[in-house]
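These notes concern the structure reproduced below.
Lettering of chains follows the sequences in order, A, B, ..., and the numbering in each one begins at 1.
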2 protein chains.
Amino acid sequence: MLSTNTFRYRGTVPSATDERPYHHGKLRAALLEAAERHLRGRGADELSLRDLARELGVSHAAPRRHFADRQALLDALAEAGFARLDTALRAALAAAEADFPARVRAAMTAYLRFATENAALLDLMYTSKHRPGATRIGKAAEAPFGLMNDLIAQGQAQGALEPGAPERIGIVLFATLQGIASIINGSIVKPELLDDLVETAAQQFLRGARPLTGNS
Amino acid sequence: MLSTNTFRYRGTVPSATDERPYHHGKLRAALLEAAERHLRGRGADELSLRDLARELGVSHAAPRRHFADRQALLDALAEAGFARLDTALRAALAAAEADFPARVRAAMTAYLRFATENAALLDLMYTSKHRPGATRIGKAAEAPFGLMNDLIAQGQAQGALEPGAPERIGIVLFATLQGIASIINGSIVKPELLDDLVETAAQQFLRGARPLTGNS
DNA sequence: CTACAATGTAGCTCATGACAACATTCGGGT
DNA sequence: ACCCGAATGTTGTCATGAGCTACATTGTAG
């Protein structure tokens with residue numbers, strides 16, 4: 001597509017000079033890749049379409065061919081983010097021990113690893129001004145959520161968690177993770193405390209949601 | 001310019017006509033008030049200084065006399081937000097029963113009430129790009145934090161919580177609150193579930209952080 | 001090989017934040 | 001009272017970015 005000329009440029013090879021081909025070829029993918037890179041460290045509101053266009057050596061209006069507006073690019077980033085998060089969680093759970101506490105810790109750690117390494121992206125994923133027709137994002141978000149619910153259900157089956165709707169327990173666990181990510185990313189607490197926080201949260205969760213055995 | 005005669009006011013009260021006085025008089029306070037109002041529903045990034053100026057019937061450059069730049073206004077909003085949050089929490093705790101579980105629920109409810117009613121403001125308070133010299137915000141944030149720690153310490157004194165550094169336990173509780181606020185404000189879960197979530201989180205916290213009595 | 005779709009470009013409008021130069025008002029010192 | 005400097009507000013300007021339209025180039029299906 002972008003390589004191996006079929007006679008364009010009438011006899012001269014474009015790469016021989018610094019001439020860019022008129023068509024970038026993979027602009028959409030390149031924009032997403034560059035945007036995600038820009039998102040590391042900076043916030044989403046500092047992401048400029050024109051900036052990306054400049055970086056990719058393309059005119060300021062070119063991105064519009066692939067994303068109707070700025071928000072569309074952000075939505076696409078969020079959607080891709082959920083896919084990456086899902087992959088990371090699945091990988092972590094696949095590599096984890098079989099016993100429930102270990103699996104919970106593995107999932108929590110993997111989530112927070114993703115959340116702290118992709119702070120701005122995470123923010124985008126969850127605050128992406130859900131405009132009326134943002135079904136794709138909601139759809140993409142279901143995968144990680146389902147994973148968490150499966151984990152909870154598994155814990156209940158093993159008798160490690162009290163019975164009941166998995167969502168009821170799962171949402172609070174998810175909220176705690178989200179909150180930890182938030183206070184780390186917001187520099188409220190030092191990143192060094194992350195492991196400590198995860199361990200405390202895991203213990204509280206496992207103790208707080210286990211079945212009632214005799215005493216109150 | 002907009003007033004023709006140079007002799008305006010000379011013995012007449014300005015409010016008698018619709019002429020605005022050259023000096024607004026309380027521009028800073030009015031800006032903060034208007035900004036906070038604009039923040040309800042919309043996000044902080046949609047807050048425009050020029051918009052505020054227009055609304056207050058003042059020139060587009062006037063706000064600059066009171067806030068060096070946009071971020072300075074946002075910082076001031078965040079600072080005021082922490083003060084309001086502190087007030088709300090203190091009021092809730094003052095009105096609460098003496099027993100620890102009731103006080104925890106009161107604090108959690110008050111926090112989440114503030115958080116959901118001031119979504120954009122809360123976001124501002126915790127993501128306000130902490131620029132190097134943002135000491136004022138950090139200072140303002142300490143009050144609510146101290147309150148939470150006091151509550152934890154009180155629970156420990158009553159034997160309702162395991163001993164240890166209050167922060168260690170408190171941070172996780174705070175994170176959970178923050179996370180619940182985040183998923184409600186981000187429309188991940190329906191607002192109607194808020195009370196349910198609070199109750200579940202409270203139960204898990206009280207059970208998960210209480211002293212170990214005999215069994216593991 | 002030709003018409004049309006896809007993709008990229010150039011140039012415009014509009015809004016905003018930041019800045020500078022100037023105007024008006026307020027208040028304190030004499 | 002009066003004057004002068006400090007606050008506070010105004011107009012004008014610039015740079016940047018989003019979004020739009022008209023146009024140019026390339027890819028491709030028929």
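Remark: P of D:dA18 and CG of A:L74 are 10 Å apart, rounded to the nearest angstrom. Atom-to-atom, CG of B:L49 to C1' of D:dT16 comes out at 16 Å; the value is rounded to the nearest Å. Between the CZ atom of A:R70 and the P atom of D:dC20 there is a distance of 15 Å, rounded to whole Å. The CG atom of A:L56 sits 16 Å away from the P atom of C:dT7 (whole-angstrom rounding).
By the 4.0 Å N-to-carboxylate-O rule, A:K139 lies too far from A:E79 to be salt-bridged with it.
Across all strands shown, B:L52 has no heavy atoms under 4.0 Å from either base or sugar-phosphate atoms. B:R54 comes within 4.0 angstrom of sugar-phosphate atoms only, judged by non-hydrogen atoms across all strands, and of no base.
The listed nucleotides are D:dT10, C:dA18, D:dG17; the one nearest the side chain of B:V58 is D:dT10. Listed nucleotides: D:dA22, D:dG17, D:dT10. Nearest to the side chain of A:R65: D:dA22. Across D:dG9, C:dA18, D:dA18, the shortest atom-to-atom separation from the side chain of A:S48 is found for D:dA18. Closest contact between the side chain of A:R64 and the listed nucleotides D:dC20, D:dA18, D:dG12 involves D:dC20. Here C:dC19 is the nucleotide among D:dG17, C:dC19, C:dG17 with the atom lying nearest to any side-chain atom of B:A61. Nearest nucleotide to the B:S59 side chain, out of D:dG9, C:dT9, D:dG19: D:dG9.
Taking the nucleotide of DNA chain C with the nearest heavy atom to each of A:R50 and A:H66, the more 5' of the two is matched to A:H66.
OP1 and OP2 of C:dG8 both lie 4.0 Å or more from every side-chain N or O belonging to A:H60.
Heavy atoms from other residues, nucleotides or ligands lying under 6.0 Å from CZ of A:R84 number more than 12.
Counted by atom type alone, A:Q154 and A:D150 present zero donor-acceptor pairs between their side chains at under 3.5 Å.
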